[in-house]
Amino acid sequence: MQQTNTARYSIVVKNKPGELAKLTKLLSDAGMNVSGLRIANLGDKASIQFAMPRKSCRRQNLRSAGMKVEP
């Protein structure tokens, strides 16, 4: 089986204005390029799922920035 060069991430944030902007600023400031994005409303929370080249981001980078990364 061939391994893909794309990593998928799922972040849970408060469902309020500005949360997506915080995430995209973090990724932009780190020079990371998102290749896919999906957002789901979970009541008072939101799930932001995105894909990017595997080498450009690590879960630990997101956790260090205060993001709650789902396994």
Side-chain angles (χ1 to χ4, degrees):
M1 180 182 290
Q2 184 178 4
Q3 182 178 357
T4 179
N5 289 327
T6 302
R8 298 170 197 265
Y9 300 91
S10 181
I11 306 291
V12 176
V13 297
K14 292 179 183 176
N15 188 3
K16 66 178 194 175
E19 293 299 307
L20 179 58
K22 286 180 195 176
L23 174 62
T24 56
K25 180 168 180 10
L26 168 75
L27 298 175
S28 176
D29 289 351
M32 300 176 198
N33 187 35
V34 174
S35 60
L37 178 71
R38 178 173 40 183
I39 301 170
N41 181 337
L42 305 171
D44 64 341
K45 303 242 186 253
S47 172
I48 303 171
Q49 300 169 355
F50 58 97
M52 58 183 17
R54 187 171 298 280
K55 291 182 180 181
S56 70
C57 184
R58 300 282 185 257
R59 282 176 169 72
Q60 187 56 39
N61 297 77
L62 298 169
R63 289 184 180 118
S64 295
M67 300 286 171
K68 181 180 178 185
V69 184
E70 296 293 315

Pair listing, salt bridge (Lys or Arg N to Asp or Glu O under 4.0 Å) test, anchored in residues 23-38, at least two apart |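 Qualifying pairs, neighbours excluded: Lys25-Asp29.
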
Distance, nearest 0.5 Å, that separates CD1 of Ile48 from CG of Leu23 |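 Between Ile48 CD1 and Leu23 CG, I get 5.0 Å after rounding to 0.5 Å.
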
First locate atom CG of Leu37, then atom CE of Met52, and finally report the distance between them rounded to the nearest 0.5 Å.
->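 Answer rounded to 0.5 Å: 10.0 Å.
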
Mind checking side chain to side chain contact (heavy atoms under 4.5 Å, CB included) for Ser35 and listing every partner two or more places apart, or none if nothing turns up?
->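 By the side chain to side chain contact (heavy atoms under 4.5 Å, CB included) rule, Ser35 matches Thr6, Ala51.
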
What residues form a side chain to side chain contact (heavy atoms under 4.5 Å, CB included) with Ala40, not counting sequence neighbours?
->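 Per chain and number, Ala40 pairs via side chain to side chain contact (heavy atoms under 4.5 Å, CB included) with Ser47.
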
Within the distance-only criterion (no hydrogens, no angle test), does the side chain of Thr24 pair as donor or acceptor with the backbone N or O of Leu20 below 3.5 angstrom?
->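 Looks like yes, one N/O pair under 3.5 Å.
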
In a table with atom names and distances, give each donor-acceptor pair under 3.5 Å that connects a side chain of residues 12-19 to protein atoms at least two apart or in another chain.
from, atom 1, to, atom 2, distance (Å)
Asn15, ND2, Asn41, OD1, 3.2
Asn15, ND2, Gly43, O, 2.9
Glu19, OE2, Lys22, NZ, 3.0

